[in-house]
Protein chains: 2
Amino acid sequence: MKPMTIGEVAKAAEIGVETVRFYEREGLLAEPPRRQSGYRQYPPDTVRRLRFIRRAKELGFTLKEIGELLDLRVDPARSCADVRALARAKMADIEAKMLDLARIQAALTELERTCRGKGPTSDCPILDALDEQEVTRGDR
Amino acid sequence: MKPMTIGEVAKAAEIGVETVRFYEREGLLAEPPRRQSGYRQYPPDTVRRLRFIRRAKELGFTLKEIGELLDLRVDPARSCADVRALARAKMADIEAKMLDLARIQAALTELERTCRGKGPTSDCPILDALDEQEVTRGDR
DNA sequence: ATGCACTCTGTACCCAACTACAGAGTCAAG
DNA sequence: CTTGACTCTGTAGTTGGGTACAGAGTGCAT
(Lines give C-alpha, C1' and ligand atoms only; values in the text may rest on other atoms or scores of the structure.)
Protein backbone atom coordinates (compact mmCIF):
# COMPACT_ATOMS: atom_id res chain seq x y z
CA MET A 1 0.00 0.00 0.00
CA LYS A 2 2.95 2.31 -0.62
CA PRO A 3 2.29 4.98 -3.23
CA MET A 4 -0.80 7.14 -3.20
CA THR A 5 -2.61 8.98 -5.96
CA ILE A 6 -3.15 12.70 -5.82
CA GLY A 7 -6.80 12.15 -5.00
CA GLU A 8 -5.89 9.98 -2.05
CA VAL A 9 -3.41 12.37 -0.49
CA ALA A 10 -5.75 15.29 -1.07
CA LYS A 11 -8.60 13.53 0.66
CA ALA A 12 -6.40 12.42 3.54
CA ALA A 13 -5.14 15.97 4.06
CA GLU A 14 -8.62 17.41 3.63
CA ILE A 15 -7.72 19.71 0.78
CA GLY A 16 -8.55 19.72 -2.92
CA VAL A 17 -6.68 17.91 -5.66
CA GLU A 18 -6.13 21.20 -7.46
CA THR A 19 -4.62 22.63 -4.31
CA VAL A 20 -2.07 19.85 -4.13
CA ARG A 21 -0.95 20.62 -7.67
CA PHE A 22 -0.95 24.30 -6.78
CA TYR A 23 1.42 23.66 -3.86
CA GLU A 24 3.67 21.71 -6.17
CA ARG A 25 3.82 24.63 -8.59
CA GLU A 26 4.57 26.94 -5.68
CA GLY A 27 7.44 24.76 -4.58
CA LEU A 28 5.94 23.69 -1.27
CA LEU A 29 5.78 20.12 -2.39
CA ALA A 30 8.47 18.31 -4.36
CA GLU A 31 7.50 16.96 -7.73
CA PRO A 32 6.67 13.33 -7.06
CA PRO A 33 7.65 10.44 -9.30
CA ARG A 34 5.21 9.60 -12.05
CA ARG A 35 4.13 6.36 -13.55
CA GLN A 36 4.35 5.82 -17.28
CA SER A 37 0.89 7.32 -17.65
CA GLY A 38 2.06 10.55 -16.06
CA TYR A 39 0.02 10.00 -12.90
CA ARG A 40 1.70 11.36 -9.78
CA GLN A 41 2.71 8.78 -7.16
CA TYR A 42 3.03 10.13 -3.66
CA PRO A 43 4.84 8.57 -0.74
CA PRO A 44 2.29 8.36 2.07
CA ASP A 45 4.04 10.83 4.34
CA THR A 46 3.18 13.56 1.86
CA VAL A 47 -0.07 13.67 3.77
CA ARG A 48 1.73 14.91 6.86
CA ARG A 49 3.34 17.68 4.91
CA LEU A 50 0.03 18.76 3.43
CA ARG A 51 -1.64 18.70 6.80
CA PHE A 52 1.14 20.80 8.23
CA ILE A 53 0.63 23.34 5.51
CA ARG A 54 -3.10 23.48 6.12
CA ARG A 55 -2.71 23.95 9.84
CA ALA A 56 0.06 26.49 9.58
CA LYS A 57 -2.09 28.53 7.23
CA GLU A 58 -4.79 28.66 9.87
CA LEU A 59 -2.18 30.11 12.20
CA GLY A 60 -1.65 33.06 9.94
CA PHE A 61 1.52 31.96 8.19
CA THR A 62 1.81 32.71 4.51
CA LEU A 63 2.77 29.96 2.10
CA LYS A 64 6.17 31.56 1.82
CA GLU A 65 6.69 31.42 5.57
CA ILE A 66 5.44 27.86 5.66
CA GLY A 67 7.98 26.97 3.01
CA GLU A 68 10.71 28.47 5.16
CA LEU A 69 9.53 26.47 8.16
CA LEU A 70 9.53 23.29 6.14
CA ASP A 71 13.01 24.01 4.85
CA LEU A 72 14.32 24.28 8.36
CA ARG A 73 16.09 21.10 9.15
CA VAL A 74 19.40 19.74 10.13
CA ASP A 75 21.02 20.10 6.79
CA PRO A 76 24.67 19.55 5.92
CA ALA A 77 24.26 21.96 3.02
CA ARG A 78 23.58 24.80 5.37
CA SER A 79 25.56 26.17 8.24
CA CYS A 80 24.32 25.26 11.65
CA ALA A 81 24.51 28.86 12.67
CA ASP A 82 22.18 29.80 9.83
CA VAL A 83 19.64 27.19 10.69
CA ARG A 84 19.72 28.18 14.31
CA ALA A 85 19.35 31.85 13.49
CA LEU A 86 16.36 31.15 11.28
CA ALA A 87 14.83 28.92 13.91
CA ARG A 88 15.25 31.60 16.54
CA ALA A 89 13.66 34.23 14.32
CA LYS A 90 10.65 32.02 13.73
CA MET A 91 10.45 31.25 17.41
CA ALA A 92 10.24 34.92 18.26
CA ASP A 93 7.49 35.36 15.74
CA ILE A 94 5.56 32.45 17.17
CA GLU A 95 6.13 33.65 20.70
CA ALA A 96 4.50 36.95 19.79
CA LYS A 97 1.54 35.19 18.23
CA MET A 98 1.03 33.05 21.28
CA LEU A 99 1.18 36.08 23.50
CA ASP A 100 -1.45 37.86 21.46
CA LEU A 101 -3.65 34.82 21.46
CA ALA A 102 -3.29 34.46 25.19
CA ARG A 103 -4.41 38.05 25.61
CA ILE A 104 -7.50 37.53 23.52
CA GLN A 105 -8.15 34.33 25.40
CA ALA A 106 -7.92 36.16 28.71
CA ALA A 107 -10.27 38.84 27.46
CA LEU A 108 -12.80 36.22 26.39
CA THR A 109 -12.55 34.50 29.74
CA GLU A 110 -13.18 37.77 31.45
CA LEU A 111 -16.11 38.42 29.14
CA GLU A 112 -17.64 35.09 29.92
CA ARG A 113 -17.22 35.72 33.62
CA THR A 114 -18.70 39.17 33.42
CA CYS A 115 -21.59 38.07 31.32
CA ARG A 116 -22.58 35.56 33.92
CA GLY A 117 -24.14 38.47 35.74
CA LYS A 118 -26.78 40.59 34.07
CA GLY A 119 -25.28 44.08 34.11
CA PRO A 120 -25.54 46.13 30.92
CA THR A 121 -22.18 47.70 31.71
CA SER A 122 -18.86 47.66 29.96
CA ASP A 123 -17.71 48.64 26.54
CA CYS A 124 -15.73 46.20 24.53
CA PRO A 125 -13.33 44.36 26.82
CA ILE A 126 -11.84 42.56 23.85
CA LEU A 127 -10.18 45.75 22.79
CA ASP A 128 -8.05 45.72 25.89
CA ALA A 129 -6.61 42.43 24.77
CA LEU A 130 -4.07 43.56 22.23
CA ASP A 131 -3.65 47.01 23.59
CA GLU A 132 -0.68 49.17 23.27
CA GLN A 133 2.00 46.95 24.78
CA GLU A 134 3.52 46.91 21.31
CA VAL A 135 5.66 43.96 22.15
CA THR A 136 9.03 44.26 20.54
CA ARG A 137 8.90 42.44 17.29
CA GLY A 138 10.10 43.06 13.82
CA ASP A 139 6.65 43.70 12.39
CA ARG A 140 7.15 40.77 10.06
CA MET B 1 -7.00 67.22 21.15
CA LYS B 2 -10.15 65.14 20.85
CA PRO B 3 -11.08 64.20 17.30
CA MET B 4 -8.60 62.77 14.85
CA THR B 5 -8.48 62.84 11.08
CA ILE B 6 -8.36 59.67 9.05
CA GLY B 7 -4.71 60.28 8.30
CA GLU B 8 -3.90 60.52 11.96
CA VAL B 9 -5.65 57.33 13.03
CA ALA B 10 -4.19 55.48 10.06
CA LYS B 11 -0.68 56.53 10.96
CA ALA B 12 -1.18 55.72 14.64
CA ALA B 13 -2.46 52.25 13.79
CA GLU B 14 0.24 51.74 11.19
CA ILE B 15 -2.12 51.06 8.32
CA GLY B 16 -3.07 53.02 5.23
CA VAL B 17 -5.76 55.65 4.94
CA GLU B 18 -7.44 53.65 2.22
CA THR B 19 -7.49 50.64 4.50
CA VAL B 20 -9.35 52.56 7.18
CA ARG B 21 -12.04 53.48 4.67
CA PHE B 22 -12.04 49.89 3.48
CA TYR B 23 -12.73 48.64 7.01
CA GLU B 24 -15.54 51.13 7.28
CA ARG B 25 -17.11 49.79 4.09
CA GLU B 26 -16.70 46.26 5.44
CA GLY B 27 -18.50 47.17 8.61
CA LEU B 28 -15.55 46.67 10.95
CA LEU B 29 -15.50 50.32 11.83
CA ALA B 30 -18.57 52.44 12.50
CA GLU B 31 -19.10 55.42 10.25
CA PRO B 32 -17.65 58.32 12.21
CA PRO B 33 -19.22 61.75 12.46
CA ARG B 34 -18.19 64.23 9.78
CA ARG B 35 -17.56 67.87 9.83
CA GLN B 36 -19.39 70.20 7.46
CA SER B 37 -16.72 69.59 4.88
CA GLY B 38 -17.36 65.85 4.91
CA TYR B 39 -14.06 65.06 6.62
CA ARG B 40 -14.28 62.09 8.99
CA GLN B 41 -13.69 62.83 12.66
CA TYR B 42 -12.52 59.89 14.71
CA PRO B 43 -12.60 59.51 18.46
CA PRO B 44 -9.03 58.68 19.49
CA ASP B 45 -9.83 55.17 20.72
CA THR B 46 -10.52 54.21 17.12
CA VAL B 47 -6.80 53.63 17.01
CA ARG B 48 -7.10 50.76 19.46
CA ARG B 49 -9.75 49.12 17.36
CA LEU B 50 -7.64 49.42 14.25
CA ARG B 51 -4.62 48.03 16.00
CA PHE B 52 -6.64 45.13 17.26
CA ILE B 53 -7.75 44.38 13.73
CA ARG B 54 -4.20 44.48 12.45
CA ARG B 55 -2.90 42.15 15.12
CA ALA B 56 -5.78 39.73 14.91
CA LYS B 57 -5.19 39.44 11.19
CA GLU B 58 -1.62 38.38 11.86
CA LEU B 59 -3.03 35.61 14.01
CA GLY B 60 -4.91 34.15 11.09
CA PHE B 61 -8.36 35.51 11.82
CA THR B 62 -10.38 36.65 8.84
CA LEU B 63 -11.97 40.08 8.87
CA LYS B 64 -15.30 38.36 9.39
CA GLU B 65 -14.04 36.58 12.49
CA ILE B 66 -12.46 39.76 13.76
CA GLY B 67 -15.80 41.48 13.39
CA GLU B 68 -17.41 38.75 15.46
CA LEU B 69 -14.76 39.13 18.15
CA LEU B 70 -15.31 42.86 18.25
CA ASP B 71 -19.04 42.41 18.49
CA LEU B 72 -18.62 40.24 21.54
CA ARG B 73 -19.42 42.35 24.53
CA VAL B 74 -21.73 42.57 27.42
CA ASP B 75 -24.74 43.71 25.52
CA PRO B 76 -28.28 44.13 26.81
CA ALA B 77 -29.56 43.58 23.29
CA ARG B 78 -28.25 40.06 23.28
CA SER B 79 -28.86 37.16 25.60
CA CYS B 80 -26.09 36.43 28.01
CA ALA B 81 -26.25 32.81 27.02
CA ASP B 82 -25.62 33.74 23.41
CA VAL B 83 -22.64 35.88 24.20
CA ARG B 84 -21.20 33.22 26.41
CA ALA B 85 -21.69 30.54 23.80
CA LEU B 86 -19.98 32.66 21.17
CA ALA B 87 -17.17 33.44 23.55
CA ARG B 88 -16.67 29.79 24.33
CA ALA B 89 -16.61 28.86 20.66
CA LYS B 90 -13.94 31.45 19.98
CA MET B 91 -12.00 30.30 22.98
CA ALA B 92 -11.89 26.76 21.68
CA ASP B 93 -10.66 28.03 18.35
CA ILE B 94 -7.94 30.06 20.00
CA GLU B 95 -7.00 27.17 22.26
CA ALA B 96 -6.40 25.04 19.19
CA LYS B 97 -4.28 27.72 17.59
CA MET B 98 -2.17 28.09 20.69
CA LEU B 99 -1.69 24.36 20.88
CA ASP B 100 -0.53 24.21 17.28
CA LEU B 101 1.82 27.11 17.81
CA ALA B 102 3.23 25.49 20.91
CA ARG B 103 3.91 22.34 18.92
CA ILE B 104 5.77 24.22 16.23
CA GLN B 105 7.63 26.10 18.92
CA ALA B 106 8.67 22.85 20.56
CA ALA B 107 9.82 21.48 17.24
CA LEU B 108 11.91 24.58 16.60
CA THR B 109 13.44 24.35 20.04
CA GLU B 110 14.33 20.76 19.38
CA LEU B 111 15.77 21.72 16.03
CA GLU B 112 17.93 24.38 17.57
CA ARG B 113 19.13 21.96 20.20
CA THR B 114 19.91 19.27 17.65
CA CYS B 115 21.64 21.67 15.35
CA ARG B 116 24.03 22.64 18.06
CA GLY B 117 25.82 19.40 17.27
CA LYS B 118 27.12 18.77 13.79
CA GLY B 119 25.34 15.58 12.76
CA PRO B 120 23.88 15.50 9.25
CA THR B 121 21.03 13.33 10.54
CA SER B 122 17.33 13.80 10.74
CA ASP B 123 14.65 14.52 8.23
CA CYS B 124 12.30 17.37 8.87
CA PRO B 125 11.50 17.46 12.57
CA ILE B 126 9.06 20.30 11.99
CA LEU B 127 6.68 17.90 10.38
CA ASP B 128 6.24 16.09 13.65
CA ALA B 129 4.89 19.29 15.11
CA LEU B 130 1.36 19.28 13.86
CA ASP B 131 1.12 15.60 13.37
CA GLU B 132 -1.91 13.54 13.38
CA GLN B 133 -3.33 14.34 16.81
CA GLU B 134 -6.21 15.90 14.94
CA VAL B 135 -7.31 17.75 18.00
CA THR B 136 -11.06 17.90 18.19
CA ARG B 137 -12.14 21.11 16.68
CA GLY B 138 -14.87 22.20 14.35
CA ASP B 139 -12.54 22.90 11.45
CA ARG B 140 -13.58 26.54 11.54
C1' DA C 1 -4.58 84.75 -0.84
C1' DT C 2 -2.02 81.12 -2.08
C1' DG C 3 0.07 76.93 -2.25
C1' DC C 4 0.75 72.38 -0.48
C1' DA C 5 -0.84 68.57 2.19
C1' DC C 6 -4.80 66.38 3.21
C1' DT C 7 -9.53 64.56 2.41
C1' DC C 8 -13.62 63.26 -0.31
C1' DT C 9 -16.15 59.64 -3.60
C1' DG C 10 -15.83 56.35 -6.98
C1' DT C 11 -13.79 53.08 -9.76
C1' DA C 12 -10.18 50.24 -11.08
C1' DC C 13 -6.42 47.52 -10.23
C1' DC C 14 -3.41 44.20 -7.47
C1' DC C 15 -1.65 39.97 -4.99
C1' DA C 16 -2.14 35.56 -2.56
C1' DA C 17 -4.27 31.53 -2.55
C1' DC C 18 -7.07 28.99 -4.45
C1' DT C 19 -10.98 26.87 -7.68
C1' DA C 20 -13.02 25.68 -11.93
C1' DC C 21 -13.13 24.39 -16.39
C1' DA C 22 -11.90 22.13 -21.10
C1' DG C 23 -10.26 18.58 -23.62
C1' DA C 24 -7.63 14.47 -23.66
C1' DG C 25 -5.82 10.36 -21.65
C1' DT C 26 -5.89 6.35 -17.82
C1' DC C 27 -7.48 2.75 -14.47
C1' DA C 28 -10.03 -0.96 -12.82
C1' DA C 29 -14.42 -3.22 -11.57
C1' DG C 30 -17.76 -5.85 -13.61
C1' DC D 1 -13.77 -4.32 -23.24
C1' DT D 2 -16.62 -0.96 -21.74
C1' DT D 3 -17.89 2.62 -18.70
C1' DG D 4 -17.50 5.80 -14.96
C1' DA D 5 -14.28 7.73 -11.80
C1' DC D 6 -9.89 9.56 -11.81
C1' DT D 7 -5.82 12.08 -13.71
C1' DC D 8 -3.23 15.03 -16.90
C1' DT D 9 -1.88 20.05 -18.70
C1' DG D 10 -3.16 24.53 -19.40
C1' DT D 11 -5.68 28.55 -18.83
C1' DA D 12 -9.10 31.32 -16.80
C1' DG D 13 -12.02 32.88 -12.99
C1' DT D 14 -12.87 33.88 -7.88
C1' DT D 15 -12.39 35.58 -3.12
C1' DG D 16 -10.33 38.14 0.48
C1' DG D 17 -7.96 41.93 1.60
C1' DG D 18 -6.34 45.56 0.29
C1' DT D 19 -3.91 49.60 -2.87
C1' DA D 20 -3.93 53.15 -6.43
C1' DC D 21 -5.58 56.53 -9.08
C1' DA D 22 -8.56 60.60 -10.85
C1' DG D 23 -10.81 64.63 -10.22
C1' DA D 24 -12.66 67.78 -6.99
C1' DG D 25 -12.90 70.07 -2.59
C1' DT D 26 -10.68 71.63 2.20
C1' DG D 27 -7.35 73.43 5.95
C1' DC D 28 -3.89 76.04 7.29
C1' DA D 29 0.75 78.08 7.52
C1' DT D 30 3.07 81.58 5.51
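We name chains A, B, ... by the order of the sequence lines, and we start the count at 1 in each one. What you see is a predicted model, and the numbers here were worked out from it, not measured in a lab.
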Measure the distance from [atom1] on [X] to [atom2] on [N] and round it to the nearest whole Å.
X	N	atom1	atom2	value
K11(A)	dA5(D)	NZ	P	14 Å
I15(B)	dG17(D)	CD1	P	14 Å
I53(B)	dG17(D)	CD1	C1'	12 Å

(request) Could you pull out all residues at least two apart from E26(A) that satisfy side-chain contact (heavy atoms from CB on, under 4.5 Å)? (result)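 Result, side-chain contact (heavy atoms from CB on, under 4.5 Å) vs E26(A): F22(A).
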(request) Mind checking side-chain contact (heavy atoms from CB on, under 4.5 Å) for E8(B) and listing every partner two or more places apart, or none if nothing turns up? (result)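 Partners of E8(B) by the side-chain contact (heavy atoms from CB on, under 4.5 Å) criterion, ordered by chain and then number, come out as M4(B), T5(B).
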Would you tabulate the nitrogen or oxygen pairs shorter than 3.5 Å linking the protein to nucleotides 24-30 of chain D?
{"unit_1": "dG25(D)", "atom_1": "N2", "unit_2": "Y39(B)", "atom_2": "OH", "d": "2.5"}
{"unit_1": "dT26(D)", "atom_1": "O4'", "unit_2": "Y39(B)", "atom_2": "OH", "d": "3.4"}
{"unit_1": "dG27(D)", "atom_1": "OP1", "unit_2": "S37(B)", "atom_2": "OG", "d": "3.1"}

(request) Start with the C-alpha distance between L50(B) and T19(B), add both sets of side-chain angles, then the distance that settles side-chain contact (heavy atoms from CB on, under 4.5 Å), and finish with yes or no. (result) CA-CA 10 Å; L50(B) 290 172; T19(B) 306; over 6 Å; no
(message) Whether K57(B) contacts dG18(D) is assessed here as follows: a side-chain N or O lying under 4.0 Å from the phosphate OP1 or OP2. Is that the case?
(response)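 Checking K57(B) against dG18(D): at least one side-chain N or O falls below 4.0 Å of OP1 or OP2.
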(message) Going 5' to 3' along DNA chain C, between which two nucleotides do contacts with chain A fall, using a heavy-atom cut-off of 4.0 Å?
(response)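 With heavy atoms of chain A under 4.0 Å away, the range is dA17(C) to dC27(C).
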(message) I'd like to know if R55(A) pairs up with E58(A) as an ion pair, taking the criterion as any Lys NZ or Arg NE/NH1/NH2 lying under 4.0 Å from an Asp or Glu carboxylate oxygen.
(response)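 No, this pair does not count.
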(message) Return a single string for nucleotides 10-16 of chain D, one symbol per nucleotide in 5' to 3' order, where B is base contact, S is sugar-phosphate-only contact and - is none, cutoff 4.0 angstrom on heavy atoms.
(response) -------
(request) Just call it for G16(B): base, sugar-phosphate, or nothing, with non-hydrogen atoms closer than 4.0 Å on any strand. (result)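 Here G16(B) touches no strand at all.
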(message) So does A13(A) get a backbone contact from the side chain of R54(A), meaning a donor-acceptor N/O pair under 3.5 Å?
(response)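 Yes, the answer is positive, given that a donor and an acceptor are paired below the 3.5 Å cut-off.
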(message) Going by salt bridge (Lys or Arg N to Asp or Glu O under 4.0 Å), name the residues that satisfy it together with R21(B), two or more places apart in sequence or in a different chain.
(response)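 Salt bridge (Lys or Arg N to Asp or Glu O under 4.0 Å) check on R21(B) returns E18(B).
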(request) Tell me, please, which residues at least two apart from K64(B) pass salt bridge (Lys or Arg N to Asp or Glu O under 4.0 Å). (result)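 Applying salt bridge (Lys or Arg N to Asp or Glu O under 4.0 Å) to K64(B) gives E68(B).
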(request) Measure the OH-CG distance between Y23(B) and L29(B) for me, rounded to the nearest 0.5 Å. (result)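 CG of L29(B) is found 10.0 Å from OH of Y23(B).
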Please tabulate, for side-chain N and O atoms in residues 39-46 of chain A, each donor-acceptor pair with protein atoms closer than 3.5 Å (sequence neighbours left out).
{"unit_1": "R40(A)", "atom_1": "NE", "unit_2": "E24(A)", "atom_2": "OE1", "d": "2.9"}
{"unit_1": "T46(A)", "atom_1": "OG1", "unit_2": "P43(A)", "atom_2": "O", "d": "2.6"}

(request) Using side-chain hydrogen bond (donor to acceptor under 3.5 Å, both in side chains) as the criterion, list what pairs up with E95(A), not counting sequence neighbours. (result)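 Result, side-chain hydrogen bond (donor to acceptor under 3.5 Å, both in side chains) vs E95(A): Q105(B).
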(message) Within the 4.5 Å heavy-atom criterion, are L59(B) and I104(A) side-chain neighbours or not?
(response)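 A side-chain contact exists here, since the closest heavy-atom pair is under 4.5 Å.
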